[in-house]
There are 2 protein chains.
Amino acid sequence: MTIKEASELTGVPSATIRYYEKEGLIPAIDRNEVGVRQIDDRIIRRINFVKTMRAAGMGIDILRRYIQLFDAKEDNEVQQRELLQEQLAIMEEKRDDLQFAIDHLTFKLENRAHMENAEAELRQLEKQHEEKGERGGDEN
Amino acid sequence: MTIKEASELTGVPSATIRYYEKEGLIPAIDRNEVGVRQIDDRIIRRINFVKTMRAAGMGIDILRRYIQLFDAKEDNEVQQRELLQEQLAIMEEKRDDLQFAIDHLTFKLENRAHMENAEAELRQLEKQHEEKGERGGDEN
DNA sequence: CTAACCCTTAAAGTTCACTTTAAGGCAAGT
DNA sequence: ACTTGCCTTAAAGTGAACTTTAAGGGTTAG
């Protein structure tokens, strides 16, 4: 399969596939005699995997580190667990943020008729959110 | 409240609060006689709202459009619904991607010992994803 | 033989969402 | 009066993740 066909199949632009290869997010792709990439199912799966993780908001650096551990021949279970658990926590928080945003929009769609203004809505939503968890941090 | 206090309270940097105001993501903030921002609860709520939506991955442009509708005096329910439902769909898809990524990492943490290599894992994960991937339409 | 398309690379450019810098103002403490 | 530490603005800079460009090569159709 050519890079263009792989691009059409995965929805990832050719230039991005080349970029992912260069960045080590997918394995080095086999070439034919003149240097043209020959993409197979294994690479397609890797592209889709990267696509999914990127869509989930995982950064390139962490994804690369993850994939390097993932592909390593040696046993690196402890390192893997550390990295994975860290990422898992970040993703779960992100999912919860997303769920809060979804709840907000859903609430808005369902209750718009009864709301006088934006402020009342935000107060209402906040009440719902507070029942679940605390947020914080600091920068200035 | 000063901008620094607001920053500490929300975890959003002062410069970012100014940037959000300039970009119309939060309302224009009242100033004192010499032009210093006086931030109240209403603004704090707005900052937190923007923070949540940004954390959920909503872009600045769409967020601004949403907030403009949200604050509008006129009745624009139809437009609001269109925009909101669109964004809701995007967020739900994102959440599902995130869940897939979480499932992948969780599966990996739990089953690493039994997996021979990366390829076997991806094929396994894909199988799990496909079983769930049938989009049962519950819309209303 | 030439044109149309695909492929290759390295490098430069773009977009987004901030973040930092530069230049100055106000108010309190020593 | 001076220093500290906050405030203001406009504008320039940053980092991430692509995306486009430039320059060239291979393969097939006319």
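Naming: A, B, ... by sequence-line order, numbering from 1 per chain.
- When the side chain to side chain contact (heavy atoms under 4.5 Å, CB included) test is applied to B:Glu5, the partners found at least two apart in sequence or on another chain are B:Met1, B:Thr2.
- A salt bridge links B:Arg64 with B:Asp61: the distance from a Lys NZ or Arg NE/NH1/NH2 to an Asp or Glu carboxylate oxygen falls below 4.0 Å.
- Between A:Arg64 atom CZ and D:dC18 atom P the separation is 12 Å, expressed in whole Å.
- Contacts with DNA chain C (heavy atom under 4.0 Å) in residues 53-63 of chain B: B:Arg54, B:Gly59, B:Ile60, listed by number.
- Contact check, A:Thr16 against D:dT19: a side-chain N or O comes under 4.0 Å of OP1 or OP2.
- Atoms CD1 and CD, on A:Ile62 and A:Glu86 in that order, are 7.0 Å from each other to the nearest 0.5 Å.
- A straight line from OH of B:Tyr20 to P of C:dC16 spans 15 Å, rounded to a whole angstrom.
- Without hydrogens or angle criteria, A:Asp97 side chain to A:Phe100 main chain gives no donor-acceptor distance under 3.5 Å.
- Atom pair B:Glu33:CD and C:dC26:P shows a separation of 11 Å (rounding to whole Å applied).
- One interatomic measurement links the two molecules: CD1 of A:Ile26 to P of D:dA17, which rounds to 16 Å at whole-angstrom precision.
- Using modelled atom types, no side-chain atom of A:Ser7 and backbone atom of A:Ile3 make a donor-acceptor pair closer than 3.5 Å.
- Residue A:Leu25 contributes atom CG, which lies 12 Å from atom C1' of D:dC18 at whole-angstrom precision.
- Counting all heavy atoms, side chain and backbone alike, A:Tyr19 lies closest to A:Ile60 at OH-CG1, 4.3 Å.
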Quick one, give me the B/S/- string for nucleotides 2-10 of chain D, reading 5' to 3', where B means a protein heavy atom under 4.0 Å from the base and S means that only happens at the primed atoms, P, OP1 or OP2.
----SSBB-
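- A donor-acceptor pair under 3.5 Å is formed between the side chain of A:Lys51 and the backbone N or O of A:Thr10.
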Checking A:Glu21 against A:Arg31 for the salt bridge (Lys or Arg N to Asp or Glu O under 4.0 Å) test, could you report, in this order, the C-alpha distance in whole Å, the side-chain angles of both residues, the deciding distance, and whether it holds?
CA-CA 13 Å; A:Glu21 188 190 11; A:Arg31 311 301 182 97; 3.6 Å; yes
